[in-house]
Amino acid sequence: MTNSPAADQTGKIVAWYDRHHRDLPWRISPPMAVRGIRPDPYRVWLSEVMLQQTTVQAVKSYFALFTAKWPTVTDLAEAETEDVMKAWAGLGYYARARNLKKCAEAVAFSHGGRFPDTEEGLKALPGIGDYTAAAIAAIAFDRPAAVLDGNVERVISRLHAVDAPLPGSKPLMRALVAKMTPGERPGDFAQAMMDLGATICTPRRPACALCPVNGSCTALASDDPERFPVKAGKKEKPVRLGAAFVAVDETGAVFLRKRPGHGLLGGMTEVPNTDWTARQNGATGADAAPFDAAWHDCGTVVHVFTHFELRLTVFRSRVGRATAAGHVAGPGWWEPEESLAGEALPSVMKKAIAQAIPDAFQPRLRSQAAMQSRG
DNA sequence: TAAACGTGGGG
DNA sequence: TCCCCAAGTTT
């Protein structure tokens with residue numbers, strides 16, 4: 001009998017995966033997977049959440065840290081939220097970390113410590129949307145779920161030369177993936193599509209000569225593959241201005257405080273700073289400081305967020321702790337310099353602190369260098 | 001439906 | 001330097 005074109009492509013892609021798959025810390029690669037060895041759903045879930053809008057390279061060290069610190073979903077559920085935020089610091093999109101903890105608690109305390117094994121059950125959990133639910137169902141539970149992420153969108157849009165722009169064309173693409181998804185090894189098929197998109201069917205300069213389905217790719221045959229997927233135009237980034245205040249006491253400790261538990265950088269730690277506004281209105285200078293001190297202008301750091309660019313003027317002051325205690329507005333604490341690097345500081349805050357104290361995050365390096373230069 | 005939500009790397 | 005983007009979800 002003759003396979004359908006979709007099934008033919010599926011077979012070629014899975015065969016390609018068997019030879020060219022990436023070995024990743026959270027993955028059970030063939031031939032182990034073919035023997036029915038399933039990956040730990042906890043590790044699959046953790047990796048999938050970390051990988052949302054985030055590169056494999058960036059995720060690797062965080063995945064190692066999390067699985068060493070919290071080997072099971074129950075360990076994570078019983079952890080202090082603050083420790084989870086500290087461990088997530090630097091990875092970005094911090095709502096993921098907040099939802100990660102909530103999801104772990106739901107699984108540990110409401111689902112008997114086991115993840116639901118269906119798309120529907122998974123999608124009901126915090127931080128798990130269409131993609132992640134399908135990915136976990138397919139990879140961890142061998143369900144023939146239609147897994148559609150950015151990689152798969154690229155592969156599918158090129159195979160079928162989908163002219164309609166994203167995200168409107170998502171339902172069409174999901175239907176096209178569903179048609180290709182096999183009853184056997186659906187998890188390996190999903191991972192094969194993602195590996196194909198990541199290593200062959202790349203956004204720019206795709207390696208079509210090496211593609212297992214280059215014989216049936218509409219974009220390659222009739223057009224420029226790089227033209228796909230078609231996306232809606234992006235908006236330009238507004239600039240916001242603000243000021244940050246790095247107060248250092250006589251021991252080198254830095255005054256820190258906590259951000260609200262929602263919104264931008266929600267639940268993360270910060271140095272005191274002003275609102276970030278569109279226009280310089282006079283409130284972004286040293287006069288906006290959280291308490292009176294001799295504030296020294298350390299210059300500006302630029303940090304680009306998803307939807308705006310921030311230009312932060314950084315001020316530093318040397319403050320006697322006893323003196324400052326009575327003048328500090330609002331709650332906060334003095335963080336010793338040796339433990340500063342372990343705080344739940346997002347990158348923009350580390351950047352601001354480093355602007356004021358260049359070696360703030362290398363106190364050991366500093367003393368080692370001093371020792372060596374003397375030795 | 002559109003906007004909010006981080007970061008670092010690569011062309 | 002600048003722009004794109006990388007295994008999306010929530011509101």
Side-chain angles (χ1 to χ4, degrees), chain A residues 21-22 24-27 43-63 85 88-100 102-103 122-140 145-155 165-168 170-171 174 177 187 189-199 201-206 226 229 231-238 240 259-268 270 276 301-310 344-351:
Chain A
H21 62 84
R22 292 175 292 175
L24 299 170
W26 45 84
R27 176 177 281 180
R43 292 165 63 88
V44 174
W45 162 72
L46 180 61
S47 67
E48 290 300 343
V49 173
M50 287 182 166
L51 287 161
Q52 289 166 7
Q53 299 290 284
T54 308
T55 57
V56 166
Q57 178 57 33
V59 164
K60 280 182 176 172
S61 64
Y62 285 85
F63 181 81
M85 302 314 285
W88 195 276
L91 199 54
Y93 283 141
Y94 298 101
R96 291 185 296 172
R98 304 194 296 271
N99 285 328
L100 191 81
K102 289 181 197 158
C103 183
L122 288 161
K123 212 193 153 183
L125 294 166
I128 299 184
D130 287 335
Y131 161 75
T132 305
I136 299 171
I139 296 168
V147 176
L148 184 66
D149 76 331
N151 288 305
V152 181
E153 283 169 1
R154 196 163 50 251
V155 172
L166 283 167
K170 252 185 178 174
R174 184 169 287 106
V177 182
F189 170 70
Q191 294 177 96
M193 290 287 276
M194 293 190 275
D195 278 20
L196 190 61
T199 65
C201 195
T202 51
R204 293 169 304 281
R205 307 295 299 269
E226 276 193 40
K231 293 185 177 179
K234 37 270 176 205
K235 299 182 173 177
E236 61 180 88
K237 251 165 228 198
R240 293 188 196 174
R259 292 179 66 88
H262 55 86
L264 186 66
L265 309 177
M268 301 299 285
E270 66 178 5
W276 302 339
V301 297
V302 176
H303 189 81
V304 181
F305 291 96
T306 306
H307 55 298
F308 66 93
E309 173 185 313
L310 175 65
L345 291 163
S347 292
V348 63
M349 292 299 158
K350 287 192 172 175
K351 210 183 277 188

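A note on names: the letters A, B, ... follow the listed sequences, proteins ahead of strands, and every chain is numbered from 1. These numbers come from a predicted model, not from an experiment.
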When the P atoms of dG8(B) and dT9(C) are compared, how many Å lie between them, rounded to an integer?
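These two P atoms come out 22 Å apart once rounded.
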
Determine the Euclidean distance between corresponding C1' atoms of dC5(B) and dA6(C); express it in Å to zero decimal places.
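Pairwise C1' distance, dA6(C) against dC5(B), rounds to 15 Å.
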
Counting any heavy atom closer than 4.0 Å, what does [X] reach on the DNA or RNA strands: base, sugar-phosphate only, or nothing?
| X | value |
| --- | --- |
| Val147(A) | nothing |
| Thr132(A) | sugar-phosphate |
| Leu265(A) | sugar-phosphate |
| Trp45(A) | nothing |
| Val304(A) | base |
| Gly90(A) | sugar-phosphate |

Taking side chain as C-beta onward, heavy atoms only, is [X] less than 4.5 Å from [Y]?
| X | Y | answer |
| --- | --- | --- |
| Glu226(A) | Arg205(A) | yes |
| Lys351(A) | Val302(A) | no |
| Leu125(A) | Asn99(A) | no |
| Thr54(A) | Leu91(A) | yes |

Quick one: is [X] getting a side-chain N or O under 4.0 Å of the [N] phosphate, OP1 or OP2?
| X | N | result |
| --- | --- | --- |
| Arg204(A) | dC5(C) | no |
| His303(A) | dT7(B) | yes |
| Gln53(A) | dG8(C) | yes |
| Tyr94(A) | dT7(B) | yes |
| Lys234(A) | dC3(C) | no |
| Thr54(A) | dT7(B) | no |

[X] side-chain proximity, nearest of [options]:
| X | options | result |
| --- | --- | --- |
| Leu264(A) | dA6(C), dT7(B), dG6(B) | dG6(B) |
| Thr55(A) | dG8(C), dT7(B), dA6(C) | dA6(C) |
| His307(A) | dA4(B), dG8(C), dT7(B) | dA4(B) |

By nearest heavy atom, map Asn99(A) and Arg154(A) onto DNA chain C; which one lands nearer the 5' end?
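It is Arg154(A), whose closest nucleotide lies nearer the 5' terminus.
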
If you pin Lys123(A) and Leu24(A) to their nearest nucleotides in DNA chain C, which one's is more 5'?
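The 5'-side residue here is Leu24(A).
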
Find the distance [X]:[atom1] to [N]:[atom2] and express it as a whole number of Å.
| X | N | atom1 | atom2 | value |
| --- | --- | --- | --- | --- |
| Gln52(A) | dT7(B) | CD | P | 16 Å |
| Leu51(A) | dT7(B) | CG | P | 17 Å |
| Leu100(A) | dT9(C) | CG | P | 13 Å |
| Leu166(A) | dC4(C) | CG | P | 15 Å |
| Arg259(A) | dC5(B) | CZ | P | 9 Å |
| Lys231(A) | dA2(B) | NZ | P | 16 Å |

Determine the interplanar angle of the Phe308(A) and Trp276(A) rings, folded into 0 to 90°, and report it as parallel if under 30°, tilted if 30 to 60°, perpendicular if over 60°.
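Answer is tilted, since the angle falls between 30° and 60°.
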
Applying side chain to side chain donor-acceptor pair (under 3.5 Å), run through Tyr131(A) and Gln52(A) and close with a yes or a no.
CA-CA 9 Å; Tyr131(A) 161 75; Gln52(A) 289 166 7; over 6 Å; no

Side-chain donor/acceptor contact of Thr306(A) with base of dG6(B) under 3.5 Å
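Indeed there is one.
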
Need to verify one output field. Residue with the more 5' nearest nucleotide on DNA chain B, Pro167(A) or Phe305(A)?
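It is Pro167(A) whose nearest nucleotide is closer to the 5' end.
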
Check: His303(A) ring centre within less than 6.0 Å of Phe305(A) ring centre
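Judged by ring-centre distance (under 6.0 Å), His303(A) and Phe305(A) do meet the cut-off.
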
